[in-house]
Amino acid sequence: MITVLAGGVGAAKFLEGLAAVMPQEEITVIVNTGDDAIFHGLHVSPDIDTVIYTLAGLADRERGWGLRDETYQCLDALGKLGEETWFTIGDRDLATHLYRTRRLREGALLSEVTAELVQLHNLRLKILPMSDDPAPTLLNTSEGVLSFQEYFVRLRQQPEVLAVDLSAAAQARPAPGVIEAIERARAVIVAPSNPIISIGPILAVQDVREALVDTKARVAAISPIIGGKAMKGPADRMLASLGHESSATAVAKIYADFLDAFFLDCQDVLLQAYVERYGMRVVVANTFMSSAIAKENLARVVLETLET
Ligand code: GDP
């Protein structure tokens, strides 16, 4: 089994490559739920849905969230009723949230509902939420304390992030199978996701970081930062405002206690010696996943490195 720690878009791109070069049945994904929120009474799990929709070939790649060819009639109607509509939910996406919410109300666990959604989308890999307990990430920003989606979607990541509150994740128990997936994996891969708000919450869940340190499996991470910049989203600015360097080196440092290997982009070859100082093997590769071939090549290089 190969276990992948995942946020949303960056992780989903990597997982497409991985699922193309190895049997899906042998992949387990542990997904961040720190972004989960309730909108219109419905439980939305953005990172889980991004991973499922992308692997099922249904994602809207241009926008980076939601489903392709969506319509927004329900959202328009909600707006006319005076509801807040800054969190865009398409009509077909709504079906996922209605289903999830009904099952949770019936007493099902988020991990159970996620397994059902995986199966209903004809996927064969295992997708585990990091926890079945609510673990909302809060951000202390220049505009005050914000929920994740207020910061990310409503305010378009404009406020400066001064501190990240992962205390809910720190109280959360890992979902069934999470610790086993780290302990029993052949290898663990930290996807190129935001280290602070996508991977950070997973690492904060009880026992997860310790399991990564203790596992016999090799653990590798792929840098989400290339040439000091995030390809999308606020990871670079967030690293800087939280007192880190905005670089791949800083990402390696955040993960240094549990990493055996780190994948740097070719553009960052000059950082190799700096990252090696953290005591890990550094592999320089093309991590820019601009095509299906690029995704598969990256997945292949990562697997080969972890298995030799
Ligand atoms: P989110 O939860 O949807 O924001 O997604 P993630 O946290 O999984 O991914 C966001 C991160 O993915 C950003 O920091 C991007 O720099 C990174 N990313 C996106 N595409 C690529 C890519 O092709 N290569 C690499 N190395 N990183 C990427």
Side-chain angles (χ1 to χ4, degrees), residues 4-18 29-37 44-55 59-66 87-88 127 129-130 135-137 139 148-149 151-153 156-157 161 164 189-203 220-242 244 246-252 254-255 262-269 271 275 282-299 301-302:
V4 179
L5 269 52
V9 176
K13 283 163 76 179
F14 176 72
L15 285 164
E16 282 185 284
L18 193 64
V29 191
I30 302 172
V31 185
N32 170 41
T33 56
D35 307 5
D36 285 23
V44 181
S45 293
D47 283 353
I48 289 175
D49 292 344
T50 295
V51 170
I52 292 178
Y53 292 162
T54 303
L55 291 173
D60 186 323
R61 290 167 193 283
E62 299 281 296
R63 275 188 324 207
W65 47 266
F87 190 85
T88 312
I127 300 183
M130 64 186 197
T137 299
L139 302 165
F148 183 87
Q149 299 301 346
Y151 161 76
F152 205 84
V153 178
R156 297 171 199 280
Q157 308 131 48
V161 175
V164 178
I189 303 168
V190 182
S193 289
N194 187 314
I196 310 283
I197 49 171
S198 291
I199 303 299
I202 305 177
L203 300 177
I222 302 146
S223 180
I225 302 289
I226 301 180
K229 295 267 168 231
M231 294 201 38
K232 202 164 184 257
D236 45 5
R237 282 180 289 127
M238 209 179 259
L239 281 166
S241 68
L242 292 171
H244 304 276
S246 166
S247 69
T249 319
V251 179
I254 292 171
Y255 300 152
F262 190 72
F263 289 82
L264 265 185
D265 191 76
C266 307
Q267 281 187 43
D268 286 323
V269 62
L271 300 179
V275 179
V282 178
V283 181
V284 177
N286 177 17
T287 74
F288 183 58
M289 296 179 284
S290 50
S291 64
I293 305 272
K295 291 172 197 166
E296 289 171 30
N297 284 342
L298 179 61
V301 173
V302 174

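The chain is numbered in sequence order, starting from 1. Both ligands and their constituent atoms are indexed starting at 1 by order of listing.
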I'd like a table of the close N/O pairs between ligand 1 and the protein (anything under 3.5 Å), one pair per line with both atom names and the distance.
{"unit_1": "ligand 1", "atom_1": "2 (O)", "unit_2": "Gly8", "atom_2": "N", "d": "3.2"}
{"unit_1": "ligand 1", "atom_1": "2 (O)", "unit_2": "Asp47", "atom_2": "OD1", "d": "3.3"}
{"unit_1": "ligand 1", "atom_1": "2 (O)", "unit_2": "Ser198", "atom_2": "OG", "d": "3.3"}
{"unit_1": "ligand 1", "atom_1": "3 (O)", "unit_2": "Val9", "atom_2": "N", "d": "2.9"}
{"unit_1": "ligand 1", "atom_1": "5 (O)", "unit_2": "Gly8", "atom_2": "N", "d": "3.4"}
{"unit_1": "ligand 1", "atom_1": "5 (O)", "unit_2": "Val9", "atom_2": "N", "d": "3.0"}
{"unit_1": "ligand 1", "atom_1": "7 (O)", "unit_2": "Asn194", "atom_2": "N", "d": "2.8"}
{"unit_1": "ligand 1", "atom_1": "7 (O)", "unit_2": "Ser198", "atom_2": "OG", "d": "2.6"}
{"unit_1": "ligand 1", "atom_1": "8 (O)", "unit_2": "Gly8", "atom_2": "N", "d": "2.9"}
{"unit_1": "ligand 1", "atom_1": "8 (O)", "unit_2": "Gly10", "atom_2": "N", "d": "3.2"}
{"unit_1": "ligand 1", "atom_1": "8 (O)", "unit_2": "Ala11", "atom_2": "N", "d": "3.3"}
{"unit_1": "ligand 1", "atom_1": "8 (O)", "unit_2": "Ser193", "atom_2": "OG", "d": "2.7"}
{"unit_1": "ligand 1", "atom_1": "9 (O)", "unit_2": "Gly10", "atom_2": "N", "d": "3.2"}
{"unit_1": "ligand 1", "atom_1": "12 (O)", "unit_2": "Pro192", "atom_2": "O", "d": "2.9"}
{"unit_1": "ligand 1", "atom_1": "16 (O)", "unit_2": "Pro224", "atom_2": "O", "d": "2.6"}
{"unit_1": "ligand 1", "atom_1": "16 (O)", "unit_2": "Met231", "atom_2": "N", "d": "2.7"}
{"unit_1": "ligand 1", "atom_1": "20 (N)", "unit_2": "Lys13", "atom_2": "NZ", "d": "2.9"}
{"unit_1": "ligand 1", "atom_1": "23 (O)", "unit_2": "Lys13", "atom_2": "NZ", "d": "3.2"}
{"unit_1": "ligand 1", "atom_1": "23 (O)", "unit_2": "Met289", "atom_2": "N", "d": "2.8"}
{"unit_1": "ligand 1", "atom_1": "24 (N)", "unit_2": "Thr287", "atom_2": "O", "d": "2.6"}
{"unit_1": "ligand 1", "atom_1": "26 (N)", "unit_2": "Ser223", "atom_2": "O", "d": "2.8"}
{"unit_1": "ligand 1", "atom_1": "26 (N)", "unit_2": "Thr287", "atom_2": "O", "d": "3.3"}
{"unit_1": "ligand 1", "atom_1": "26 (N)", "unit_2": "Thr287", "atom_2": "OG1", "d": "3.1"}

Side chains of Ser198 and Asn32: donor-acceptor distance under 3.5 Å anywhere?
-> no
For Thr287 and Asp265, test the side chains for any donor-to-acceptor distance below 3.5 angstrom and give the result as yes or no.
-> yes
Kindly give the heavy-atom pair with the smallest separation between Gly7 and Ile199, and that separation in Å.
->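 Where Gly7 meets Ile199 most closely, the heavy atoms are N-CD1, 4.3 Å.
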Heavy-atom pair with the smallest gap, counting every atom of Ile30 and Met130 =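 So the minimum-distance heavy-atom pair works out to CG2-CA, 4.0 Å.
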Taking only residues two or more places apart in sequence, or in another chain, which ones meet Asp60 in a side-chain hydrogen bond (donor to acceptor under 3.5 Å, both in side chains)?
-> Arg63
Should we say atom NZ of Lys232 is surrounded by more than 12 heavy atoms from elsewhere, each under 6.0 Å from it?
-> yes
